[in-house]
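We number each residue from 1, following the sequence as shown.
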Amino acid sequence: MSGRLTADVTPNEKKTFARFCIAHNFTGSNDAIFLNCVIYKKEFDENRQTIPWDLLQKGAEVLVTGRLAPNNWTDKEGNLHRGFDVVVNKIRENE
């Protein structure tokens with residue numbers, strides 16, 4: 001999937017993974033979908049990414065490949081939310 005980063009990619013405190021979101025616009029439409037993504041440092045390093053994740057900034061157009069993984073959580077009010085994350089194994093700037 002390709003899209004633009006909605007914010008800078010920032011790793012967690014231990015720098016073991018980073019969460020980010022990309023917005024994908026459909027050709028000829030003003031509609032967009034937002035994909036929540038997570039990339040793990042180990043996979044990032046093993047796949048020899050072309051750009052360090054701390055240089056991926058808001059607005060950059062990227063191409064990601066990976067797999068969908070369930071992301072379920074309960075909010076403060078006890079409501080269950082269900083969703084999916086893209087677990088990224090490759091990310092590169094889309095030119």
Suppose we screen for side-chain hydrogen bond (donor to acceptor under 3.5 Å, both in side chains). Which residues come up paired with Thr65, at least two apart in sequence or across chains? Asn89
Non-neighbouring partners of Asp8 that pass side-chain contact (heavy atoms from CB on, under 4.5 Å), sequence neighbours left out: Thr10, Gln57, Lys58
Taking all non-hydrogen atoms of both residues, which atom of Asn25 and which atom of Asn30 are closest, and how far apart? ND2-O, 4.2 Å
Mind listing the closest non-hydrogen atom pair of Asn72 and Gly83 along with its distance? OD1-N, 3.7 Å
Transitively linked via ILVMFWY side-chain contacts under 4.5 Å: Leu68 with Ile22? yes
For Lys76, side-chain contact (heavy atoms from CB on, under 4.5 Å) partners two or more places apart: none
For a quick test of reading the model, state the closest non-hydrogen atom pair linking Pro11 to Ala18 and the distance between them. CA-CB, 3.7 Å
pair Val62-Leu5: side-chain heavy atoms closer than 4.5 Å: yes
Non-hydrogen side-chain atoms of Lys90 and Val64 separated by less than 4.5 Å: no
For residues 18-29, which residue pairs pass the salt bridge (Lys or Arg N to Asp or Glu O under 4.0 Å) check, not counting sequence neighbours? Arg19-Asp85
Residues at least two apart in sequence or cross-chain that pass side-chain hydrogen bond (donor to acceptor under 3.5 Å, both in side chains) with Asp75, listed by chain then number, are Asn79, His81
Of Val86, Leu63, Ile39, which is the lone residue that meets side-chain contact (heavy atoms from CB on, under 4.5 Å) with Ile91? Ile39
Side chain to side chain contact (heavy atoms under 4.5 Å, CB included) between Val87 and Tyr40, worked out: CA-CA 8 Å; Val87 179; Tyr40 293 93; 4.0 Å; yes
Applying side-chain contact (heavy atoms from CB on, under 4.5 Å), can you list everything that pairs with Ala7, at least two apart in sequence or on another chain? none
Residues Ile33, Phe26; criterion side chain to side chain contact (heavy atoms under 4.5 Å, CB included); working and verdict: CA-CA 8 Å; Ile33 60 169; Phe26 295 96; 3.8 Å; yes
Main-chain N/O of Gly59 paired with Arg4 side-chain donor or acceptor, under 3.5 Å: yes
Test side chain to side chain contact (heavy atoms under 4.5 Å, CB included) applied to Phe20 and Leu56, step by step: CA-CA 10 Å; Phe20 59 95; Leu56 292 167; over 6 Å; no
Could you walk me through whether Phe34 and Thr6 satisfy the side chain to side chain contact (heavy atoms under 4.5 Å, CB included) test, starting with their C-alpha distance in whole Å, then the side-chain angles of each, then the deciding distance to 0.1 Å, before giving a yes or no? CA-CA 9 Å; Phe34 295 87; Thr6 61; 4.0 Å; yes
Rounded distance (nearest 0.5 Å) linking atom CZ of Arg92 with atom OG of Ser2: 9.5 Å
